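Quick note: numbers below take in every heavy atom, side chains included, and nothing from hydrogens, waters or symmetry partners. Bear in mind that the values here come from a model prediction, so they are computed numbers and not experimental data.
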Amino acid sequence: MRAGLRQESKLSNEAGLRTGAVMPGNPNEGTTVVITLPRERLLRAAEIGSRASLPLLRGSLGIVFIWFGALKLTQSTPIADLVAATVPFLPESWFVPALGAFEVLIGLALLVGRWIGIVVALMVAHLAGTFLVLVMQPDVVFQRDNPLLLTMTGEFVVKNVVLIAAGIVLAGSTRQAKPG
């Protein structure tokens, strides 16, 4: 076989879908092995994923909120000082535990799965409040006053955009699932 040409071995099935992978061989040659998966299996896997995705999203958000809230309630959170410095007009001694209790309640409500629209609205409001650190303490979240260069704390705060989006997806999907 000439250099640069590929030898292909194709296995096909009329009812299947083909996927390929280049297998290493001679540095100048490669063999593409095509694996056929029955369409029914792929469709079944997609159906299971579709049915499980929203409960998994709701459950994972609930667990994260309970976990982070519990850390605040037990005064084990590494961000108590950040919270206190962001809202210096509120006493840390009661605000951080109150925030933790609120997070635990949101997490429990997400796990229970009732009134998701209200729960997500509270969750989004809470997460939106975390962006206050960007205004109150820019030196803690931005490197060299550059809003494109985040510190570790900045990344910690900005990732809440993803949690907000997840909540919106959850609330929107829950509303669509209800008849009428």
*Once you round to the nearest 0.5 Å, how far does CG of L163 lie from CG of L170?*
12.0 Å
_Using the rule side chain to side chain contact (heavy atoms under 4.5 Å, CB included), only one of I118, L122, V124 pairs with V120; which is it?_
V124
*Hey, quick one: are V140 and V83 part of the same hydrophobic cluster, counting side-chain heavy atoms closer than 4.5 Å, chains of contacts allowed?*
yes
Between side-chain atoms of residues 55-63 and protein atoms elsewhere (two or more places apart, or another chain), which donor-acceptor pairs fall under 3.5 Å?
from, atom 1, to, atom 2, distance (Å)
R58, NH1, L110, O, 2.7
R58, NH1, L111, O, 3.0
S60, OG, L56, O, 3.0
S60, OG, L57, O, 3.0

*Under 4.5 Å between side-chain heavy atoms, chaining through other members, with only Ile, Leu, Val, Met, Phe, Trp and Tyr counted: pull out the rest of the cluster around F68, sorted by chain and number.*
V64, W67, L71
*For F131 and V161, what are the C-alpha separation, side-chain angles and deciding distance, and is it a side-chain contact (heavy atoms from CB on, under 4.5 Å)?*
CA-CA 9 Å; F131 296 118; V161 170; 3.7 Å; yes
*Flag the pair F65 / L127 as yes when at least one side-chain heavy-atom distance between them is below 4.5 Å, and no otherwise.*
yes
*Under the side-chain contact (heavy atoms from CB on, under 4.5 Å) rule, what do T153 and F142 come out as? Steps first, then yes or no, please.*
CA-CA 9 Å; T153 301; F142 303 122; over 6 Å; no
*asked:* For the backbone of A70 and the side chain of T74, can you confirm whether one donor and one acceptor N or O come within less than 3.5 Å of each other?
replied: yes
*Determine whether more than 12 heavy atoms belonging to other residues, nucleotides or ligands lie under 6.0 Å from atom CG of D145.*
no
*Do L82 and Q137 come within less than 4.5 Å of each other through their side chains, counting heavy atoms only?*
yes
_Applying salt bridge (Lys or Arg N to Asp or Glu O under 4.0 Å), can you list everything that pairs with E47, at least two apart in sequence or on another chain?_
R44, R51
*If you look only at pairs with a residue in residues 94-105, which of them pass as a salt bridge (charged side-chain N to carboxylate O under 4.0 Å, His left out), with sequence neighbours excluded?*
K72-E103
Enumerate donor-acceptor pairs with a distance under 3.5 Å from any side-chain N or O in residues 89-96 to protein atoms, sequence neighbours excluded.
none

_Nearest heavy-atom neighbours spanning S173 and L54_ = CB-CD1, 3.3 Å
*I79 and F156: side-chain contact (heavy atoms from CB on, under 4.5 Å), yes or no, with the steps?*
CA-CA 10 Å; I79 64 152; F156 173 76; 3.9 Å; yes
_In one Ile/Leu/Val/Met/Phe/Trp/Tyr side-chain cluster, 4.5 Å: L132, V141_ = yes
*asked:* Heavy-atom count check: over 12 atoms from other residues, nucleotides or ligands less than 6.0 Å from Q143 CD?
replied: yes
*Taking salt bridge (Lys or Arg N to Asp or Glu O under 4.0 Å) as the test, write out the residues that go with R144, two or more places apart.*
none
_Single-linkage hydrophobic cluster L73~V87, side-chain heavy atoms < 4.5 angstrom_ = no
_Minimum heavy-atom separation for G167 and M123, please, with both atom names._
CA-CE, 3.4 Å
*asked:* Rounded at 0.5 Å granularity, tell me how far CD in E155 sits from CG in L149.
replied: 10.5 Å
*Evaluate side-chain contact (heavy atoms from CB on, under 4.5 Å) for H126 paired with L99, printing each intermediate quantity in order.*
CA-CA 9 Å; H126 164 64; L99 195 58; 3.6 Å; yes
